[in-house]
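Data first, discussion second: the structure below is written as structure tokens.
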Amino acid sequence: MSLEPIEIRKIAYLSRLDILDQDIPTYSRNLADILTLVEQMNDVDTTGVVPMAHPLDMPQRLRADEIGEISELINREYLQAIAPQVESGLYLVPKVIDY
Amino acid sequence: MKEKTISQLSIGLAAKEFSSKELTQMFLERIKKFNPLLNAFITVTNDVALVQAQAADRRRQQGLAGPLTGIPIAQKDIFCTNGVRTSCGSRMLDCFIAPYNATVVEKLNAVGMVMLGKTNMDEFAMGSSNENSFYGPVKNPWDLDTVPGGSSGGSAAAVAAWLAPAATATDTGGSIRQPAALCGLTGIKPTYGLVSRWGMIAYASSLDQGGPLAHTAEDCAFLLSAMAGFDPRDSTSIDRPIPDYVNTIKQPLEGLRIGLPKEYFSDGLDNAVAHTVEIAIDQYQKLGARIREISLPNSHLAIPAYYVIAPAECSSNLARFDGVRYGHRCNSPKDLLDLYTRSRTQGFGDEVKRRILVGTFALSAGYYDAYYLKAQQIRRLISDDFQRAFEYIDVIAGPTSPTVAFNLGERVDDPIKMYLSDMYTIAVNLAGLPGLSLPVGFVGKHPVGLQLIGNYFTEGRLLNVAHRYQQVTDWHARVPNEFT
Amino acid sequence: MELETIIGLEIHAQLTTKTKIFSSTSNCYGAEPNTQACVIDLGMPGVLPVLNQETVRMAVMFGLAINAEIASRSVFARKNYFYPDLPKGYQISQYELPLVRDGQMIIELEDGSRKAIGITRAHLEEDAGKSLHEDFQGLSGIDLNRAGTPLLEIVSEPDLRSSKEAISYMRKIHQMVVYLAICDGNMQNGSFRCDANVSLRCAGDQRFGTRVEIKNLNSFRFVERAIEFEVERQTNILKSGSRVIQETRMYDAYKCETRSMRSKEEAEDYRYFPDPDLLPLLLDECFISAVRADLPELPDAKKQRFMTQYSLSSYDAGMLTSSCALGNYYETVVAELGGNPKLCANWLMGDFSAFLNKENREITDSPVTPYQIASLLRRVQDQTISGKIAKDVLEALWFGEGNVEADSIIEERGLRQIIDTSAIGEAIEIVIESNPEQLAQYRSGKGKLFGFFIGQVMKILSGKANPQQVNKLLEEKLKE
């Protein structure tokens with residue numbers, strides 16, 4: 001299937017990616033090619049086939065409720081040294097409008 | 001010290017023929033000399049390497065050295081390394097100094113290995129040619145006009161040109177095995193869950209798996225024994241004892257049942273590659289293996305299913321790159337939406353964006369069942385095909401890649417053609433099985449790889465099957481002319 | 001046109017685990033910003049979640065307490081959306097296959113009748129961080145300490161028909177999670193909060209009307225007011241012939257009104273899919289039985305037992321079992337006293353509760369122990385002191401130091417009730433002798449002067465006489 005420019009814009013918005021008007025045709029073509037490739041799946045009837053979300057057929061392993069040895073994995077100064085903008089220990093972003 | 005495998009270097013170190021420091025310096029020299037030509041490393045960690053080498057030498061003096069102590073290694077730049085830039089081949093993480101170590105890095109540090117640097121890769125491991133790197137393409141040491149394969153192209157080129165005796169790599173759809181094939185190396189993608197994913201930057205979480213790239217199966221056995229193992233920080237990590245793969249590597253192959261999937265020898269396979277692979281199969285017959293044809297009827301659906309599942313998972317995995325806590329942030333964002341959109345648009349390259357868009361689409365309301373759910377069903381069928389085959393064979397063999405290394409730039413404008421590079425490797429990831437590629441000859445100056453696929457947890461057997469072949473051939477010991 | 005109100009609640013209860021749901025970072029409230037956010041909570045590249053087993057135990061406990069079905073297989077999914085307080089760009093939650101399904105909670109309506117409210121599901125998920133809007137040069141600050149706090153989301157069926165029912169249901173859920181000790185119930189800190197779905201339909205209609213979701217209500221009063229405001233707003237819309245739009249609204253506590261946040265058209269497409277970092281959660285019967293065996297006595301059962309065992313009214317039993325701690329306190333007092341449950345109930349619900357309220361204390365940090373209360377009531381029971389004096393003794397116990405018994409205060413202050421008939425008789429003699437006028441009036445029929453004599457006698461005896469006894473003796477004397 002091919003995607004209309006409006007659909008490309010919608011998924012670009014959901015992905016928080018900006019696509020220039022001039023690039024829309026290229027993306028449109030690329031995505032259509034990929035979807036055509038992907039749609040070969042429709043050659044096979046999969047009625048009743050249990051979806052396989054994961055290669056491991058095993059249950060989820062759980063963790064004991066204990067505070068871990070975390071040291072630098074939780075050191076704010078260390079972790080915020082790589083942050084683009086911080087103040088008073090907070091990560092700064094453009095104003096969050098809580099609607 | 002030059003052109004020696006890890007097992008040979010290990011003997012040299014033990015015999016004090018040379019120190020780890022000397023060995024490390026030799027590789028750092030080679031990197032300095034040849035990396036500008038290959039672009040295999042994004043970051044060279046001279047200082048870290050020398051400190052670690054000296055520590056390894058001290059450890060040896062104290063009698064605490066293991067087989068890998070003091071052996072240098074290159075780390076794919078997808079593994080987080082504490083205090084060292086971890087870029088994942090992306091502008092997004094160009095300035096990202098990882099604040100912690102991946103489990104794989106910790107484990108290799110723990111046995112005393114020496115990190116030479118961080119290798120180039122397709123951005124976020126998305127690609128089959130290493131041309132999708134923010135740091136530029138990597139060249140194949142066997143032919144500088146061609147690609148080394150991807151996504152672990154930097155690791156493969158570094159090892160093939162002897163800038164490192166071995167490297168770590170990751171494989172989501174073939175990213176260890178395809179570059180191994182294109183660069184004449186041995187590489188193994190273990191059973192999903194064998195090697196911890198903690199600290200390995202996620203592309204597609206249900207497919208990603210780390211593993212080693214080296215010259216020989218024996219070297220891979222040494223490395224995998226050190227890399228694998230249960231990790232409580234990864235809840236998909238498997239809790240079972242890891243054997244010493246080196247111990248079982250010499251077993252005879254008499255009676256080994258090898259299956260050749262007819263689907264892997266049909267349309268799309270280059271004739272010369274097919275011929276080379278057939279010769280290798282003959283060699284296996286001489287080694288005592290019994291060869292038979294098998295069928296994996298849903299093979300042709302592996303790429304379609306993969307290009308739904310991998311993009312879907314990546315679209316979500318890469319949502320954390322938002323310019324807030326780390327990574328690239330655009331200049332003076334005017335609002336939140338602008339911060340996200342511009343940071344991500346600037347930070348990600350084309351292929352990454354394409355896959356995020358495809359994945360977002362496949363998961364979006366109204367399309368989920370037709371794409372994502374359908375792909376999960378196909379995944380089941382593909383996995384079932386393998387299980388049926390393993391009822392009466394031990395190992396599946398076939399070409400790793402349908403062609404030898406292709407020219408730089410040849411496929412960049414044609415994503416679909418690029419995707420087909422992984423037509424034989426992807427199904428293995430979908431099923432979570434172990435797969436290995438080993439060099440079995442050349443077409444012209446280009447190496448050809450043979451892929452071996454085993455059932456879950458048969459890494460020992462795959463390494464053994466590859467090792468026995470390498471005992472009677474020397475493809476793995478060839479060195480590209482310009483790098484001797 | 002008669003309209004019927006349809007309400008469903010989504011309650012979020014933060015679980016009182018030591019660590020977060022997917023990381024081993026402390027789950028304490030109130031730390032310095034971002035000091036309780038490890039690499040996992042921050043969504044650093046390459047990190048992975050590992051589920052805290054305690055959250056599973058707590059969710060199962062809740063499920064069993066509401067007679068729900070516990071899923072032997074449940075799945076964690078990713079809910080994808082961008083927001084600065086959501087570090088990974090997705091929230092790990094349960095979507096298609098939640099841990100708890102099809103439970104119910106019985107509420108009591110105002111007329112005393114009972115109604116079962118269906119609970120569609122309860123599932124585990126992670127909380128998000130917080131955006132702080134103090135002005136940082138026009139920017140917002142993000143604190144991710146709360147990110148990864150375990151939440152149990154409890155979703156009711158649209159079975160509630162009024163704000164009163166909604167509050168009653170919410171209180172019962174609140175009581176339950178606190179009883180089970182899986183949530184501290186602190187609404188001010190956001191440990192227990194709620195979204196309300198409100199719609200109206202013409203009475204008799206089978207189909208539901210368009211619903212509006214009101215987000216993040218963090219007090220019972222807000223829930224009540226927000227629903228009432230919304231019902232009125234929607235009623236006006238419908239009565240004027242317009243249509244309600246499906247949207248998400250927020251409640252403005254200052255203006256007491258709800259306000260539009262976003263409409264359905266702007267709604268995000270969350271692209272749920274199973275989280276590939278987390279395998280299916282499988283629970284066996286053995287685990288579930290172990291949790292069941294560990295369940296404390298639940299509020300309704302406790303109330304029933306109090307009614308039978310202690311012959312209490314429904315109201316008294318309900319009050320005394322409103323919290324597990326109060327119920328336990330009460331039972332300790334009764335046991336220590338060795339009976340007289342009604343007396344204990346009256347005191348705990350009366351003067352004792354008044355003290356707690358006045359001092360704004362929880363029963364768990366009452367300065368007076370149940371043993372002290374029992375020592376006090378023992379003396380009320382055997383008439384050593386009167387009820388009035390007992391109040392003074394309670395006050396002394398409350399503000400006194402150390403764990404003294406009522407007896408020592410009674411002795412120390414000489415509060416023992418006078419039951420010596422001759423002492424009372426003497427006092428009566430004195431009163432009658434010194435008030436001949438009043439005596440004459442009384443005897444000529446002014447009966448209400450009886451109170452006057454009582455008062456005078458009690459005055460002489462410093463209030464320590466037993467009122468019944470004084471009554472009786474005075475009556476006899478005046479008849480002479």
Side-chain angles (χ1 to χ4, degrees), chain A residues 3-4 6-18 31 35 38 41 49-99, chain C residues 17-19 22-27 32-42 44 50-57 73 75-76 80-85 89 131-133 136-144 215 248 250 259-262 268-269 271 273-274 276 278-283:
Chain A
L3 294 178
E4 297 297 318
I6 187 167
E7 287 177 290
I8 302 229
R9 293 212 173 283
K10 191 190 142 213
I11 56 173
Y13 168 75
L14 285 174
S15 311
R16 299 298 187 270
L17 292 172
D18 195 19
L31 297 194
L35 293 178
V38 157
M41 295 193 299
V49 176
V50 181
M52 181 174 167
H54 217 273
L56 293 182
D57 186 21
M58 66 180 205
Q60 184 172 174
R61 203 182 51 248
L62 308 179
R63 171 177 69 75
D65 184 24
E66 281 157 17
I67 293 178
E69 285 176 55
I70 25 189
S71 58
E72 68 194 10
L73 298 190
I74 195 171
N75 180 318
R76 186 175 76 184
E77 274 42 74
Y78 191 58
L79 295 174
Q80 291 194 338
I82 50 172
Q85 201 179 357
V86 287
E87 193 180 306
S88 314
L90 297 163
Y91 294 97
L92 294 192
V93 295
K95 199 118 193 119
V96 177
I97 301 142
D98 231 345
Y99 307 95
Chain C
T17 50
K18 286 208 274 292
T19 64
F22 296 118
S23 78
S24 52
T25 307
S26 167
N27 186 32
E32 282 293 299
N34 291 310
T35 55
Q36 279 181 6
C38 74
V39 291
I40 297 173
D41 310 318
L42 294 174
M44 287 279 168
V50 182
L51 181 61
N52 180 347
Q53 63 183 19
E54 186 64 1
T55 62
V56 177
R57 194 187 65 84
R73 180 176 182 276
V75 168
F76 285 90
N80 295 285
Y81 64 98
F82 286 89
Y83 208 66
D85 64 11
S131 309
L132 305 173
H133 306 295
F136 297 98
Q137 303 100 48
L139 301 172
S140 288
I142 307 296
D143 174 10
L144 296 171
K215 282 279 190 198
T248 304
M250 63 168 290
R259 244 199 337 265
S260 182
M261 286 169 73
R262 53 183 180 265
E268 279 273 6
D269 178 346
R271 292 158 285 135
F273 75 109
L278 296 162
L279 297 158
L281 175 62
L282 305 188
L283 298 181

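First the proteins, then the strands, lettered A, B, ... as listed; each starts at 1.
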Interatomic spacing from CD1 in A:I67 to OG in C:S24 - rounded to 0.5 Å
8.5 Å

From C:D143 CG over to A:S88 OG, what is the distance, rounded to the nearest 0.5 angstrom?
11.5 Å

Side chain to side chain, A:I74 and C:T35, heavy atoms closer than 4.5 Å:
no

Nearest heavy-atom pair of A:V96 and C:Y83: which atoms, and what distance?
CG1-OH, 3.2 Å

Can you tell which part of C:I40 gets under 4.5 Å to a heavy atom of chain A, answering side chain, backbone, both or neither?
neither

So which of A:R16, A:Q60, A:K10, A:R63 has the biggest tally of heavy-atom pairs under 4.5 Å with chain C?
A:R63

Under a 4.5 Å cutoff for heavy-atom pairs, which residue among C:N80, C:V50, C:V56 has the most contacts with chain A?
C:V50

About how many Å separate CZ of A:R76 and CD of C:Q36, when rounded to the nearest 0.5 Å?
11.5 Å

Chain A heavy atoms under 4.5 Å from C:S23: which part of the residue, side chain, backbone, both or neither?
backbone

How far does CG of A:L62 sit from CG of C:L281, to the nearest 0.5 angstrom?
6.0 Å

Honestly, the part of C:F273 sitting under 4.5 Å from a heavy atom of chain A is neither

Under a 4.5 Å heavy-atom cut-off, does chain C meet the side chain of A:Q80, its backbone, both or neither?
side chain

Enter the distance from A:K95:NZ to C:L139:CG here, rounded to the nearest 0.5 Å.
8.0 Å

Can you tell which part of C:P280 gets under 4.5 Å to a heavy atom of chain A, answering side chain, backbone, both or neither?
both

Check each atom of C:V75 against the heavy atoms of chain A and say whether the ones under 4.5 Å are side chain, backbone, both or neither.
neither

Distance (rounded to the nearest 0.5 Å) between A:E77 CD and C:N34 CG:
10.0 Å

What I want to check is whether the side chains of C:T19 and A:D65 have a donor and an acceptor closer together than 3.5 Å.
yes

Sequence neighbours left out, what passes side chain to side chain donor-acceptor pair (under 3.5 Å) with C:D85? Give chain and number order.
none

Residue set satisfying salt bridge (Lys or Arg N to Asp or Glu O under 4.0 Å) with C:R271, at least two apart, ordered chain then number -> none

